[in-house]
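One structure below.
Sequence positions, counted from 1, serve as the residue numbers for this chain.
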Amino acid sequence: MQNAVAKHYLWAVGEELEALPSETLIADRYLLKSSKIVVDTRPELLPEIPSEISDQIAPYLKLFSYRLHIPQVYGIVYPTKGVKNKSILLLEKGPIAPHGETLMPTLTALWPDASAMRQLNWLWQMAQLWQPLSRQAVASSLLDADLLRVQGPFVRLLQLSLDLHNLSLTQLGYFWQQWVPSAHPRIQKFLQQLTHQIVNGELRTSTQLIQQLDQALSICGRAYHREIEIVTGTDSGPTRSHNEDACYPQGKAPIRVALTEPALALVCDGIGGQYGGEVASSMAIDVLRQQVEQMPLHQANWDPLSLVPKLKRATCIANDVICQRNDHENRQGRERMGTTLVMALAHVHEIYLTHLGDSRAYWIGSSGCHQVTVDDDVASRQVRLGCALYRDALQQGASGALIQALGITSSVTLHPTVQRFPIDEDCVFLLCSDGLSDRDRVEQYWETEILPVLHREADLATIRDRLIEIANTQNGHDNVTVALLFIEIFPKDDSDSLKEVSVPPVIPFNDGSGDDSTETSNADDSSMETEIARRARPTSAPVFRVGLLLLGIAILLGILAALLYGLGLFNSNHPEAQAPTPATPSPTVSPAVTPTQLPSPSPINSLKLQSFIQLGTSASNSTPIILLKEFGKSTVQGMVPPGTVFQVQQKQSTPELGTWIEAKICSLPTLAEEQPLNQSPSEVDSGGLPSNSSNFAPTTPLPLKVGDVGWLQQEEVNRSLIPDFTPNVTQKAQCKAKPLNDN
């Protein structure tokens, strides 16, 4: 069964294996099979854990959130007793075939026979992985055809390879060119032009690459009809007096969603005891349902760049509604009510999964069962920070304590996860509370209980009832709630639909100096060239989104200013750094921003790559500059204290966002450098929060640190640049060092 493979069969990494014959028993426990596959003959025992996290192991831990594509570290083994300098790394949940004896096929092997949608989907996943793997210096893993394995629609990496030198997107373009001759005819010309753009530097970032692939996937997705059936159910369980869970939609009978309508399902697991958890979960369902209903979700309005932040914003609104109820009722500590959340929104050719807490989402297809969410608990956070292996983290106290949930604290410290997946085959999405997912019950029963619906051998209502029965009889310690979405894909057979998904060459991105796309008076609306040109051209909608982005940044600026002021980040000897903190507006308020409110772009400063700059305080604006985590996104890395020294890494421009600079921090003012460096800003919560089983783990917001890399707006840099700056030896040396707690 799938469960046995995941627990027993491992991929072994180490040169010592080459001299060992098959069927060798390593360390009296691991039986060596072919192709470096070993089977753990004593899985009931914990594997040996390394005494320290090496450079080889750290990337696996820090990329834990991408475990759908990247294997996890199982443990380490020393083939020779007493010899600790030669070890074998054991990886679990990798691309090992169901029988456990061979590997899953390579992407290259299956590429020629794959559909256009599937080929684009594989490339899209690689593009999504490029930036996070580059940050951990393992992007070369995506340039090794033998490491790129596939399991149905998913790209799976066999192992991670450390980069020997700095890589750019150009290498990825060269690597992809090998697949262009055997690409599906509908997208062959598109891929030829796309790889040409990457190699020539016209596409400079993975964000631009993803946008191009998004457009191609959207066009190809129109060649399919989709039918979606949803059923939900909840039960208090055999040991609980009342039910704190809630779900949407409600009803015993499955619901079929019209082809033109989005499909929504939610599962919430309440926290806070009687008259608390059930209230919070019901409130979350009501607010989120209303928020989604207000979103323009017609196919013509498909835009993932705007839908993802809208879903995050809706989650924050639901959070603050519950939080305000807690404050109004003077609930403190464990009395504060809250809820976990897992929400699925099927829209056009994609599904969007929004997640908080330890309720889960699983993707069940013909190729296997995949947990696609990562629990927001202490154990997972320890792994993402690179502090512990997952199996080891689970053994530590309070490993299952939640680090965030809806309704406990202000949304300022909330970090909901929104994932999106293109759908190109029949599949079932299971959303469930931990009443079912605990003790790996889904992994144990998916093949016998859920897979039959894909073969049309069972109906959703029967499967729902069976899963609730399994939760009550096999677990039985908690309420249980499930939601099932069965998505069926049917190819269109009319000639018009085939013409519609034909994909001509892409429209190049420009450097921000102007729009280089060409208006076509006789445009065919079915043409991808016309579609991308229309989407790429600056219009009032993108400018409006930029305005909202800048408004959000301004709000976050004020919030972070208050936090960092309390931490003593800004020296009292610099009164110009003490900007007044604006009041935090209600999360439901979204004032319109017109294009005339946007700042006019300033001339591009002649900053050279790898040059050093020092930023002070703008004479016209005393508010400190913010550093964003990613180009084109509003996630704040931190606020830049006056006197910070940067090294310029690269520049990026778009007509909508203007010019931005990627910069690495080489030196910070003394007070900023003395702040504790014990946690990533992305893991922030307020602590002291109740969970289903134990307290939340307390954390505190952190300032910037030497080695952080982020994006600065060119206009802000020009206003705050200290002229004639020359770095000292220490500042140059710090910039070459790797950041502490680098994520």
Side-chain angles (χ1 to χ4, degrees), residues 5 9 11-13 33-37 63 66-71 91 93-134 138-164 167-199 203 206 209-210 212-213 216-217 220 365-368 370 421-422 424-425 503 506:
V5 173
Y9 286 90
W11 178 250
V13 181
K33 296 292 185 179
S34 60
S35 301
K36 298 184 179 180
I37 297 174
L63 293 167
Y66 300 90
R67 62 182 185 175
L68 183 63
H69 308 283
I70 297 170
L91 303 176
K93 301 185 184 300
I96 299 176
H99 53 75
E101 298 291 333
T102 60
L103 298 173
M104 293 175 181
T106 63
L107 186 154
T108 301
L110 297 188
W111 175 270
D113 299 323
S115 67
M117 189 81 173
R118 177 62 57 86
Q119 290 179 346
L120 289 171
N121 192 356
W122 286 338
L123 297 180
W124 182 85
Q125 292 174 56
M126 293 177 67
Q128 294 277 353
L129 289 170
W130 181 260
Q131 187 175 35
L133 265 64
S134 295
V138 290
S140 57
S141 310
L142 297 171
L143 305 178
D144 188 333
D146 190 57
L147 299 184
L148 288 168
R149 305 282 167 159
V150 289
Q151 184 178 6
F154 298 109
V155 174
R156 308 285 306 281
L157 284 170
L158 184 59
Q159 65 186 60
L160 296 177
S161 296
L162 294 175
D163 298 343
L164 300 179
L167 298 175
S168 68
L169 208 61
T170 302
Q171 281 88 356
L172 186 65
Y174 280 118
F175 183 72
W176 283 7
Q177 284 181 337
Q178 66 178 307
W179 296 323
V180 172
S182 55
H184 194 283
R186 295 185 195 173
I187 62 170
Q188 189 176 53
K189 192 174 182 181
F190 166 79
L191 291 183
Q192 184 178 14
Q193 294 295 322
L194 182 70
T195 55
H196 177 78
Q197 284 184 306
I198 302 173
V199 169
L203 292 177
S206 58
L209 177 58
I210 291 167
Q212 293 284 45
L213 291 169
L217 280 165
C220 285
S366 58
S367 63
H370 309 272
F421 301 94
D424 62 4
E425 67 171 23
V503 185
V506 297

For this session: For the residue pair Leu213 and Leu194, establish whether any side-chain heavy-atom pair is separated by less than 4.5 Å.
Result: yes

Problem set entry | Asp163 vs Leu133 side-chain heavy atoms within contact, under 4.5 Å | no

For this session: Give a yes or no on whether the backbone of Leu209 and the side-chain of Gln212 come within a donor-acceptor separation of less than 3.5 Å.
Result: no

Seminar exercise, completed: Given the options His69, Arg149, Gln159, Pro95 meets side chain to side chain contact (heavy atoms under 4.5 Å, CB included) only with Arg149

Exercise. Listed by chain and number, what are the side chain to side chain donor-acceptor pair (under 3.5 Å) partners of Asp113, not counting sequence neighbours?
Worked result: none

Exercise. Where the side chain of Arg156 meets the backbone of Lys93, is there a donor-acceptor pair that is under 3.5 Å apart?
Worked result: yes

Exercise. Looking at residues at least two apart in the chain, or sitting in another chain, which of them share a salt bridge (charged side-chain N to carboxylate O under 4.0 Å, His left out) with Lys33?
Worked result: Glu23

Seminar exercise, completed: Hits for side chain to side chain donor-acceptor pair (under 3.5 Å) against Arg118, two or more places apart or cross-chain, chain-then-number order -> Asp424, Glu425

Exercise. Are any non-hydrogen side-chain atoms of Leu191 and Trp176 less than 4.5 angstrom apart?
Worked result: no

For this session: Taking the side chain as every heavy atom from C-beta outward, state whether Trp179 and Gln119 have any atom pair closer than 4.5 Å.
Result: no

Run the side-chain donor-acceptor check on residues 100-107: report pairs under 3.5 Å with partners two or more places apart or on a different chain.
unit_1: Thr102; atom_1: OG1; unit_2: His99; atom_2: NE2; d: 3.0
unit_1: Thr106; atom_1: OG1; unit_2: Ala109; atom_2: N; d: 3.1

Problem set entry | Ring geometry between Trp111 and Trp122 (parallel below 30°, tilted from 30 to 60°, perpendicular above 60°) | tilted

Problem set entry | Residues which pass side chain to side chain donor-acceptor pair (under 3.5 Å) with Ser366, listed by chain and number, not counting sequence neighbours | none

Seminar exercise, completed: Contacts of Gln177 meeting side-chain contact (heavy atoms from CB on, under 4.5 Å) (sequence neighbours excluded), chain-then-number -> Tyr174, Thr195, Val199

Problem set entry | Validation row: Tyr66, Leu157 side chains within 4.5 angstrom (heavy atoms) | no

Exercise. Under 4.5 Å between any side-chain heavy atoms of Leu167 and Leu172, yes or no?
Worked result: no

